Protein chains: 2
Amino acid sequence: MTAPAPDPLDTVFAALADPTRRAILTMLLEDDMAVTDVAHPFAMSLAAISKHLAVLAEAGLITQEKRGRVKWCKLEPDALRAASVWMQGFGQFDPVDLDAFERFLETELGPDQDSLS
Amino acid sequence: MTAPAPDPLDTVFAALADPTRRAILTMLLEDDMAVTDVAHPFAMSLAAISKHLAVLAEAGLITQEKRGRVKWCKLEPDALRAASVWMQGFGQFDPVDLDAFERFLETELGPDQDSLS
DNA sequence: CCAATCGTCAACCATCCGGTTGAATATGCT
DNA sequence: AGCATATTCAACCGGATGGTTGACGATTGG
């Protein structure tokens, strides 16, 4: 119990602060993926991606299930709910604007990332 | 221009990842405040709070206007919109649940923080 | 003018973070 | 058995982060 139980919002927001991790979440939005497949589009070692996935899992944003020798990563959108609720308190935004979200996917992934069409 | 323009979401989420900074935002939700007054409830030096405010300002979450010798801090809720929109893409949440937000304010501030009732 | 107040700056420190590499540990295939 | 694949572990590195303290420039008030 060396860790004094940090606020869940700490870990969730910290996890979301990294562009690589946000990109991973976006990928998992489409489908569950194995670690190696998650790593494939990135110019980064597999171990680095493995760490990123650990951070996401720690924050509860994904779950990982090992089936055979491959570990499957699954998005857990509920973990975002607390953070979303917290943010909604600051100035009532448009409830759900999925068009804007689509646009954000574009800018997040960038035009140089064609393997995720 | 040594900084290669990081994604705004990076800085916003990173700013939100710190509990002190979230508490500051919550305080500013009630009213604009001077730096010293912001610092008052925290068991931390003024310089530390000054840095936190700089991070929040960098992320666009607050603006600071120096009037006389006191610098006023003002919440800028619009900066949260992009982040909010991004998050809404992951599993459509309840549009706006302010009851849940109230409950979160409780747990965020804790019962030991009476100066903000 | 002088002193107190407001806030930042600069240096320093410990720790965390994001990345690397190389070895180690499964598991699956033939 | 033996080799390839999938993933993590461990050690390491440079740079960012969160905090401290002390000095400093502005501004205000007596």
Side-chain angles (χ1 to χ4, degrees), chain A residues 2-25 27-28 31-59 61-74 108, chain B residues 1-25 27-28 31-59 61-74:
Chain A
T2 56
D7 191 317
L9 288 182
D10 290 14
T11 53
V12 169
F13 281 130
L16 294 179
D18 187 282
T20 303
R21 287 193 290 261
R22 287 198 307 276
I24 291 175
L25 291 180
M27 291 186 237
L28 292 178
D31 224 334
D32 298 1
M33 296 178 78
V35 174
T36 306
D37 296 332
V38 170
H40 187 250
F42 297 96
M44 186 183 312
S45 75
L46 184 61
I49 296 294
S50 183
K51 282 191 195 178
H52 279 303
L53 290 170
V55 172
L56 290 171
E58 188 70 21
L61 292 166
I62 68 169
T63 51
Q64 298 181 281
E65 182 198 358
K66 191 170 167 188
R67 208 156 37 196
R69 70 177 158 180
V70 32
K71 202 170 188 176
W72 292 91
C73 306
K74 182 185 190 315
E108 268 296 292
Chain B
M1 60 182 72
T2 57
D7 191 316
L9 288 183
D10 291 14
T11 52
V12 169
F13 280 130
L16 294 179
D18 187 282
T20 301
R21 287 192 290 260
R22 287 199 307 277
I24 291 174
L25 291 180
M27 291 187 237
L28 292 179
D31 224 334
D32 298 2
M33 296 178 77
V35 174
T36 305
D37 296 331
V38 170
H40 187 249
F42 297 98
M44 187 182 312
S45 74
L46 182 62
I49 296 295
S50 182
K51 282 191 195 176
H52 279 303
L53 289 170
V55 171
L56 290 171
E58 188 69 21
L61 292 166
I62 67 170
T63 51
Q64 298 182 281
E65 181 199 358
K66 191 170 168 189
R67 209 157 36 198
R69 71 176 157 183
V70 30
K71 203 170 185 176
W72 292 92
C73 306
K74 181 184 190 317

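Reminder, nothing fancy here: chain letters follow the sequence lines and each chain counts from 1. No experiment lies behind these values; they were computed from the predicted model shown.
In the set D:dT8, D:dG19, C:dT8, D:dT8 carries the atom at the smallest distance from any side-chain atom of A:K71. Comparing C:dT21, C:dG19, D:dG19 by their closest approach to the side chain of B:M44 singles out D:dG19. Candidate nucleotides C:dT27, C:dT8, C:dG19 were compared by shortest atom distance to the side chain of A:T20, and C:dG19 ranks first. Distances were taken from every side-chain heavy atom of A:V70 (C-beta onward) to each of C:dC6, C:dT20, D:dA6; the shortest belongs to D:dA6. Taking the side chain of B:H52 as heavy atoms from C-beta on, and the options C:dA26, C:dT8, D:dG18, the nearest nucleotide is D:dG18.
In this structure, B:L25 and B:L16 have side chains that are in contact, with non-hydrogen atoms separated by less than 4.5 Å. Between A:Q64 and A:I62, the closest side-chain pair of non-hydrogen atoms falls below 4.5 Å. In this structure, B:I24 and B:M33 have side chains that are not in contact, with every pair of non-hydrogen atoms separated by 4.5 Å or more. For the pair A:P19/B:L9, no side-chain contact is recorded, criterion being any heavy-atom separation below 4.5 Å from C-beta on.
Protein atom CE of A:M33 is 14 Å distant from nucleotide atom C1' of D:dA6, rounded to whole Å. Atom CG of B:L53 is separated from atom P of C:dC6 by 15 Å (rounded to the nearest Å). B:Q64 has its CD atom 16 Å from the C1' atom of D:dA26, to the nearest Å. One atom, CG of B:D37, and another, C1' of C:dG7, lie 13 Å apart when rounded to the nearest Å. Nucleotide D:dT5 holds its C1' atom 14 Å from the CH2 atom of A:W72, rounded to whole Å. If you take CG of B:D10 and P of C:dC17, they are 15 Å apart, rounded to a whole angstrom. Residue B:E65 contributes atom CD, which lies 15 Å from atom C1' of C:dG7 at whole-angstrom precision. Rounded to whole angstrom, the span from the CZ atom of A:F13 across to the C1' atom of D:dT17 amounts to 18 Å.
Among the atoms of the strands shown, only primed sugar atoms or phosphate atoms (P, OP1, OP2) are found under 4.0 Å from some heavy atom of A:R21. In this structure, A:A47 reaches the bases: a heavy-atom distance under 4.0 Å links it to at least one base atom across the strands shown.
The side chain of A:K51 contributes no N or O atom lying less than 4.0 Å from OP1 or OP2 of D:dT8.
Of the two residues near DNA chain C, A:V55 and B:T36, the one whose nearest nucleotide lies more 5' is B:T36. Looking at which nucleotide of DNA chain D each of A:S50 and A:R69 is closest to, the 5′-most match is held by A:R69. For the pair A:R67 and A:A43, nearest-nucleotide mapping onto DNA chain C gives the more 5' position to A:A43.
Rounded to the nearest 0.5 Å, atoms CZ (B:R22) and CG (A:D7) are 5.0 Å apart.
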